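It should be emphasised that the depicted structure is a prediction, and the values quoted were computed from it without experimental measurement.
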Amino acid sequence: MDAMFRHHRLSSAGARQILEEAQKNQREAAATMKQSEDAAAQLNRILSEQTAAVQAQAKDLGFTDEDLRQLQQQVSRDFGIEVDVEHEHRKQSSQDLQAVLEGMRKAVESCGETVWGQSAFLQDLARAFFRPWVHGKNDDQLRNVFVISGPAGSGRHLGLRVMVELLASEHWLADQTITVLQGSRYAGSEQETNFIQDLYSASRSRAQVVLVEQAEAMAPTLFNQLVQLCQQGQIALNKRYVEQQGRLMEAGSSLVSQAVASLNIGGRYLVFMTEDNRALMRQFPLSLAQRILDQPRTQPLSTPVLERIYAAQIAQCVQRAKRQLNVELIVSPAQQQQRLAAMDIDAGARTLIRDVQQLFSALSELCLKQTRPCRQVEARCGQPWDLVTDEKIVPLNELIRIEKEDLAQIRQEMAQIVGLQEVKEIVLSMEEHAKVAQMRHKQGLKNAPVSRHMIFTGNPGTGKTTMARLIARLFKALGLLSQGQLVEVSRSDLVGRYVGHTAPLTRQVIESALGGILFIDEAYSLVRGKDDSFGLEAVDTLVKGMEDYRDDLIVILAGYSREMSEFLEANSGLQSRFPNILHFADYTGGELTQIAQSIARGKEYVIEESCLNDLTIYFNTVQMNDSQRSGNGRLARNVVEKAILNQSGRILKHPQARLDLLIREDFDLELPAGTTAL
C-alpha cells in the first residue's frame with residue numbers, strides 16, 4: 001500500500017476507504033474467533049458435565065478407567081478439544097488449608113444472617129462439613145458422620161438446611177437436597193424392606209447429605225445395619241433385591257439377573273439428629289463413637305434472640321397480609337412486647353412461629369366473614385390477640401380454635417372430684433416440680449428429671465380413668481406433653497394373635513400415644529404366667545418404647561392392687577420405671593352420696609335433702625359387704641339413673657310435681673340378696 005501511495009496510484013480518499021474496510025474486516029474476524037472460542041468452551045463444559053455424569057455411574061454401567069480414557073480420546077479427535085472430567089475434582093482437591101478456612105468462615109458468617117443466636121453451633125457444623133477437605137476424601141466411604149443435637153425449637157433443622165444450601169451454592173456440595181430417613185418408620189424388624197428401599201433411593205440421589213432422625217426408635221437389627229454403614233460405607237444385603245423402575249424390590253424368584261447384593265452411599269455425609277446426643281452416642285459401639293468427632297449442638301435461645309425472631313415473624317406476617325389479603329395489619333412494638341411477655345417461650349422459636357401463624361389465620365378468617373373488604377386491622381394483645389377493625393374488637397379465639405387450656409380451670413375440675421386426696425397431692429407435687437424445673441432451666445441450671453410414669457391401683461369405679469384424663473390435660477398445659485391425648489388400651493390392643501405380630505402392634509399403639517398418655521387398664525392381664533411369650537414380648541416392647549420416648553410419653557398402668565404387684569415382677573425393668581404408685585381407695589358412703597349429687601346436677605336434677613341420709617346408709621352397706629364388685633362411682637351413677645326413670649313414672653301420675661326434683665320415693669335402695677345390713 002505504501003508503494004501505491006509512492007507511485008500516486010491511489011488518491012488519499014480512496015486510501016482511507018480501503019483502510020477502514022480492512023479494519024472492519026479485522027474486527028469481524030476477531031468477533032468470529034471469539035464466538036468460536038466461546039462455543040468451544042461451552043461445548044467443552046457440556047461435554048465435561050455429561051462425561052462426569054457417566055463417570056459417576058461407571059460402576060453401575062460397567063465402565064472401566066480405560067473405557068473413560070478412550071472416551072476422552074474419541075471426543076478429542078472428533079471435536080478437537082480436551083475434555084477433563086476430573087477437572088472439578090482436582091479443583092476441589094487442590095484447595096489448600098487457607099481456602100478451607102476461608103470457606104468455613106464465609107459459611108458461618110452467611111448462615112448467621114439467617115440462624116440467630118447459634119454462632120458456636122454454626123462453627124461446629126461448618127467444621128463437620130469441611131473436615132473431609134482436610135482429612136482427605138474417598139468416594140467409596142462416607143465423607144463424615146456426625147450428630148446434631150439440641151432442644152426443640154432452637155434451630156437445628158434450620159441451621160442444617162441453610163448450611164447445606166450455602167455450601168451447594170459455593171460448590172462445596174454438588175446438591176442442596178437433604179435426604180431424610182425417619183427412624184420411627186423402621187421401628188420393627190419387619191420394616192427392613194422399607195429401610196433398604198429408602199437407603200437405595202438415597203444412594204441413587206444427587207443429595208450428598210443423608211439425615212437420620214429418631215434413630216433411637218429403630219429396630220435394633222436395622223440400627224445395627226446403619227452402624228455398619230457408618231463404619232464401612234456399605235452394607236451387604238441378606239435378601240435378594242432387584243431394581244425395577246428405579247426402585248429396589250425384593251426378588252420373588254431365585255432366578256434373577258443383576259441382583260443388588262450391597263448398598264453403598266459413599267461420598268456423602270450421614271447426619272444424625274436428636275435432642276440428647278449422649279443417649280444416642282451410648283447406643284453406638286465404641287469403635288464408631290470414637291470416630292464421631294463432630295457433635296454440633298444448639299443451645300436454648302436467649303430472650304434477645306427470641307425477641308428478634310418474633311419481630312421478624314411479625315414483620316413477615318404484616319407483609320403477607322398486604323400481599324395476599326390487601327390488608328394493612330398494624331402491630332405496634334408495645335403490643336408485640338406485651339404479647340411476647342405473655343407467652344411461654346421455653347419451647348423456643350416454635351411457640352413464636354405458631355403464635356404468628358395463628359394471628360394470620362385469624363386475620364384471614366376475619367376477612368372472609370366481613371360483608372365488605374377490610375382495609376386496615378390492628379392487632380392488640382388479648383387472649384391471645386384481639387383484632388380491631390372499624391371500632392369492632394374481635395378476639396382471636398372467636399375466629400379460630402385455640403387448643404390452650406387454663407391451668408386454673410383444670411385445677412378447679414380436679415378439686416371438684418370427690419375424695420382421692422392422696423392422689424391429688426402426688427399430682428400437685430409433680431406439677432410443682434415441673435414449675436421449679438422450668439425456673440432452673442431459665443437460669444441455666446441443670447434439671448434433675450424425674451419419671452412421670454405411674455401405676456394406678458384400686459377397684460373399678462374409683463376414678464382412675466377420670467384422673468388420667470385430667471393429668472393429660474394438666475401436663476399439656478404445663479408444656480410437659482406436646483399433645484395431651486389419652487389413649488386407653490387393654491391386652492387385646494397390645495398382644496398379637498400370632499408370632500411376630502405383638503411387637504409391631506405394641507409399637508403402633510405407643511406411637512399413637514406420643515405426646516400424651518398411654519393408659520393400660522387391667523395391665524396385669526398382659527402377662528398370663530411365665531409361659532405367656534406374647535404378653536412378655538408386649539411388656540418388653542413397652543419398656544423399650546418408654547425409654548425411647550421418655551420426654552414426650554407417659555404410661556399409666558391400672559388394675560387391682562394385688563394383681564398389679566404380681567405383674568411388676570414379670571419384668572425387671574418395670575419396677576424402676578414406675579416410681580409413682582397411686583392407690584385409689586374405695587369410696588365411703590358419704591363420698592358416694594356426694595358423687596350422686598354431682599351426677600344429678602350434671603343432668604339438671606336435684607336430690608331432695610331428706611334422701612341424703614338414706615343414700616349414705618345404703619352406700620355404706622354395699623361398700624362394706626363387697627366394694628370390689630360394687631362399682632364404686634358406677635354404683636352411684638346407677639342409683640341416680642334408676643331414680644330418674646322412676647321419677648318419670650311419678651311425674652306422669654302427678655303432672656304438677658317438680659320436674660327437676662328426685663325424692664325418696666324415686667330411689668330404689670333395696671339391698672342386694674345376701675347383703676348384711678348395718
Does any N or O in the side chain of Thr541 come within less than 3.5 Å of the main-chain N or O of Glu537, such that one atom is a donor and the other an acceptor? yes
Does any part of the side chain of Leu340, heavy atoms only, come nearer than 4.5 Å to the side chain of Leu352, both counted from C-beta? yes
Indicate yes or no for a side-chain donor-acceptor contact from Lys464 to the backbone of His583 under 3.5 Å, with no hydrogens or angles considered. no
Taking the side chain from Asp386 and the backbone from Ile393, do they hold a donor-acceptor pair closer than 3.5 Å? no
Rounded distance [0.5 Å steps], CG in Leu363 versus CG in Leu368: 10.0 Å
Is any NZ, NE, NH1 or NH2 atom of the basic residue among Asp668 and Lys642 found under 4.0 Å from an Asp or Glu carboxylate oxygen of the other? yes
Donor-acceptor check, side chain of Tyr605 to backbone of Ile644, threshold 3.5 angstrom: yes or no? no
Side-chain contact, heavy-atom cut-off 4.5 Å: Ile314 with Val356? yes
Check: Gln376 side chain, Leu329 main-chain N or O, donor-acceptor pair, under 3.5 Å: no
Euclidean distance, Tyr560 OH relative to Tyr524 OH, rounded to 0.5 Å: 5.0 Å
For the side chain of Asn638 and the backbone of Arg634, is there at least one donor-acceptor N/O pair under 3.5 Å apart? yes
Over all atoms of both residues, closest heavy-atom pair of Leu301 and Ser154: CD2-O, 3.9 Å
Out of curiosity, Phe619 CZ to Gln594 CD, how far, rounded to the nearest 0.5 Å? 11.5 Å
What are the two closest heavy atoms between Leu553 and Ala513, and how far apart are they? CD1-O, 3.5 Å
Any heavy-atom pair between the side chains of Glu378 and Leu387 that's under 4.5 Å? no
Close side-chain approach of Met454 and Ile554, heavy atoms under 4.5 Å: yes
Contact between Ile607 and Leu612 at the side-chain level, heavy atoms closer than 4.5 Å - yes or no? yes
If I take atom CE from residue Met273 and atom CD from residue Gln214, how far apart are they, to the nearest 0.5 angstrom? 11.5 Å
Which residues pass the salt bridge (Lys or Arg N to Asp or Glu O under 4.0 Å) test with Arg664, sequence neighbours left out? Asp614
Look at the side chain of Arg380 and the backbone N and O of Val331, then say whether any donor-acceptor pair between them is shorter than 3.5 Å. no
How long is the straight-line distance from CD1 of Ile330 back to CD of Gln335, given to the nearest 0.5 Å? 11.5 Å
Close side-chain approach of Gln313 and Ile353, heavy atoms under 4.5 Å: yes
Is there a donor-acceptor pair under 3.5 Å between the side chain of Asp493 and the backbone N or O of Ser490? yes
Under the side-chain contact (heavy atoms from CB on, under 4.5 Å) rule, what do Thr465 and Phe519 come out as? Steps first, then yes or no, please. CA-CA 8 Å; Thr465 305; Phe519 183 84; 3.6 Å; yes
Is any side-chain heavy atom of Ile595 closer than 4.5 Å to a side-chain heavy atom of Leu592? yes
With heavy-atom distances below 4.5 Å as the criterion, would you say the side chains of Tyr310 and Arg339 are in contact? yes
Thr466 side chain vs Gly463 backbone, donor-acceptor pair below 3.5 Å: no
Find the distance between OG (Ser648) and NZ (Lys653) and round it off to the nearest 0.5 Å. 12.0 Å
Contacts of His157 meeting side-chain hydrogen bond (donor to acceptor under 3.5 Å, both in side chains) (sequence neighbours excluded), chain-then-number -> Glu213
Gln647 side chain to Leu661 main-chain N or O, any donor-acceptor pair under 3.5 Å? yes
Applying side-chain hydrogen bond (donor to acceptor under 3.5 Å, both in side chains) to Gln324 and not counting sequence neighbours gives Arg320
CA sep, side-chain torsions, deciding dist, call: Leu635, Val622, side-chain contact (heavy atoms from CB on, under 4.5 Å): CA-CA 9 Å; Leu635 171 64; Val622 173; 3.7 Å; yes
